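Structure first, then comments.
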There are 2 protein chains.
Amino acid sequence: MPPTVGTAPWTDEVFPEPPGLPEPLPEPAVDDLRLETVLAALSDPLRLTIVHRLLLESEQFDHACGWFGFDRPKSSLTHHFKALREAGITRQRQYGLERRSHVRVVDLNARFPGLLDLVAAWTPRA
Amino acid sequence: MPPTVGTAPWTDEVFPEPPGLPEPLPEPAVDDLRLETVLAALSDPLRLTIVHRLLLESEQFDHACGWFGFDRPKSSLTHHFKALREAGITRQRQYGLERRSHVRVVDLNARFPGLLDLVAAWTPRA
DNA sequence: TCCTTTGTACGACTTCAATCGTACTGCATG
DNA sequence: CATGCAGTACGATTGAAGTCGTACAAAGGA
């Protein structure tokens, strides 16, 4: 049985968005999320890995791109994190030097219920 | 409430695969279906439209590509139907002149539960 | 048998995205 | 204020994918 929306730990409101946070970087509104765009963003293996790990390994914290330990140039990582944010999958905030990301769980579950379950259940390069 | 796997009409075994059918064209096995590949195939608007209409408008029949009425050259349509089949989303059989397609509902629900619900709930160009 | 229909195969063109080097900005710390 | 660090912006290159014209193959009917 795959994880189900509302019962998996990562689907709880892990980020209650306490006041005083930096403003999120520009992102599409919930109603502007497009299934084609979201699927295209998730069809890249590296980006799928990012979202997968954010869902399963992060615990109530946002993560900067260095946290993932990818062996890629910084400019490549910037490209992919920007793609995820512009597709509406992640939210990014600036904390001093770092730009931390988390998955827009509530928004995505509202617009595309079940989608994040698929990402969470994904296994890389079977 | 979105349609749910197992209750929406199109999720029933609409194609009981009676004997005597032509052999399906080459396609990946269920266990070889990759989430990245499936998402990439569905991220194209025309292909998303094809799958969406196959799920909602087809009634226990397979459909040849002419049924959709797309105003595109035949070689373009061949390209997209082949992409869907090679991604494991559709099954194609040759019926005389026509090559008819249907969605591999059972296989996709087994590997990626909920995915077809998202496609069925999709609305083109909001 | 000829012709129409349905779709493929191949190839050319174009568009788009991934990759990544380099230079730069902005914060933060000493 | 100078240095270092996180990350961006820009641009070049590359490769993959969409688009589609043309030629061709197979089936079926007149």
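Source: prediction; values computed, not measured. A note on names: the letters A, B, ... follow the listed sequences, proteins ahead of strands, and every chain is numbered from 1. Heavy atoms only: backbone and side chains are in, while hydrogens, waters and symmetry mates are out.
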Q | Touch class at under 4.0 angstrom, heavy-atom based, for Ala83(B) against every strand present | A | nothing
Q.
Counting only heavy atoms and a strict 4.0 angstrom limit, can you tell me which residues of residues 37-50 of chain B come near DNA chain C?
A. none
Just distance, no hydrogens or angles: give the donor-acceptor pairs under 3.5 Å from side chains in residues 35-45 of chain A, sequence neighbours left out.
residue: Glu36(A); atom: OE1; partner: Arg34(A); partner atom: NH2; Å: 3.3
residue: Glu36(A); atom: OE1; partner: Trp122(B); partner atom: NE1; Å: 3.1
residue: Glu36(A); atom: OE2; partner: Arg34(A); partner atom: NH2; Å: 3.1
residue: Ser43(A); atom: OG; partner: Ala40(A); partner atom: O; Å: 2.7
residue: Asp44(A); atom: OD1; partner: Leu46(A); partner atom: N; Å: 2.9
residue: Asp44(A); atom: OD1; partner: Arg47(A); partner atom: N; Å: 3.2

Q) If every non-hydrogen atom of Leu77(B) is compared with every non-hydrogen atom of Cys65(B), which pair is closest and at what distance? A) CD1-SG, 4.4 Å
Q) Any idea which heavy atoms bring Pro28(B) and Ala87(B) closest together, and the distance? A) CG-C, 4.1 Å
Q.
Between Phe70(B) and Ile50(B), is there a side-chain heavy-atom distance shorter than 4.5 Å?
A. yes
Q) For the pair made of CZ in Phe68(B) and P in dT6(C), what is the distance, rounded to whole Å? A) 15 Å
**Q.** Spacing of Arg93(B) atom CZ relative to dA26(D) atom C1', expressed in whole Å
**A.** 20 Å
Q. Does the pair His52(B) and Leu56(B) meet the rule for a side chain to side chain contact (heavy atoms under 4.5 Å, CB included), with working shown?
A. CA-CA 6 Å; His52(B) 178 82; Leu56(B) 295 192; 3.4 Å; yes
Q | Exercise: identify the closest heavy-atom pair between Leu108(B) and Ile89(B) | A | CD1-O, 3.8 Å
Report all interatomic pairs (protein N or O, nucleotide N or O of nucleotides 1-3 of chain C) with separations under 3.5 Å.
none

Q.
Is it the case that the side chain of Arg91(A) and the backbone of Pro24(A) share a donor-acceptor pair, with hydrogens and angles ignored and the cut-off at 3.5 Å?
A. no
Q. What integer distance in Å separates Glu98(B):CD from dT8(C):C1'?
A. 15 Å
(Q) Using every non-hydrogen atom in the two residues, find where Arg100(A) and Asp62(A) come nearest and quote the distance to one decimal. (A) CB-CB, 3.4 Å
Q: Could you walk me through whether Arg93(B) and His102(B) pass the side chain to side chain contact (heavy atoms under 4.5 Å, CB included) test, one step at a time?
A: CA-CA 9 Å; Arg93(B) 284 191 166 90; His102(B) 70 262; 3.8 Å; yes
**Q.** Under 3.5 Å: donor-acceptor pair, side chain of Arg85(B), backbone of Pro26(B)
**A.** yes
Q. Tell me, for nucleotides 24-29 of chain C in 5' to 3' order, what letter each nucleotide earns: B for a base near a protein heavy atom under 4.0 Å, S for only sugar-phosphate near one, - for neither?
A. --BBS-
Q) Just how far, in rounded Å, is P of dT5(C) from CD of Gln94(B)? A) 18 Å
Q) In whole Å, what is the span from the CZ atom of Phe70(B) to the P atom of dG7(C)? A) 13 Å
**Q.** Non-hydrogen atoms of Gly88(B) and Leu33(B) that approach each other most closely
**A.** CA-CD2, 3.6 Å
Q) Does the pair Arg104(A) and Val30(A) meet the rule for a side chain to side chain contact (heavy atoms under 4.5 Å, CB included), with working shown? A) CA-CA 9 Å; Arg104(A) 294 171 60 179; Val30(A) 191; 4.1 Å; yes
Q) OP1, OP2 of dT6(C) versus side-chain N and O of Arg99(B): anything below 4.0 Å? A) no
**Q.** Strand-adjacent residues in residues 73-81 of chain A, judged by heavy atoms under 4.0 Å from DNA chain D
**A.** Lys74(A), Ser75(A), Thr78(A)
Q) Does Arg53(B) have any salt bridge (Lys or Arg N to Asp or Glu O under 4.0 Å) partners at least two apart in sequence or in another chain, and if so, which? A) Glu57(B)
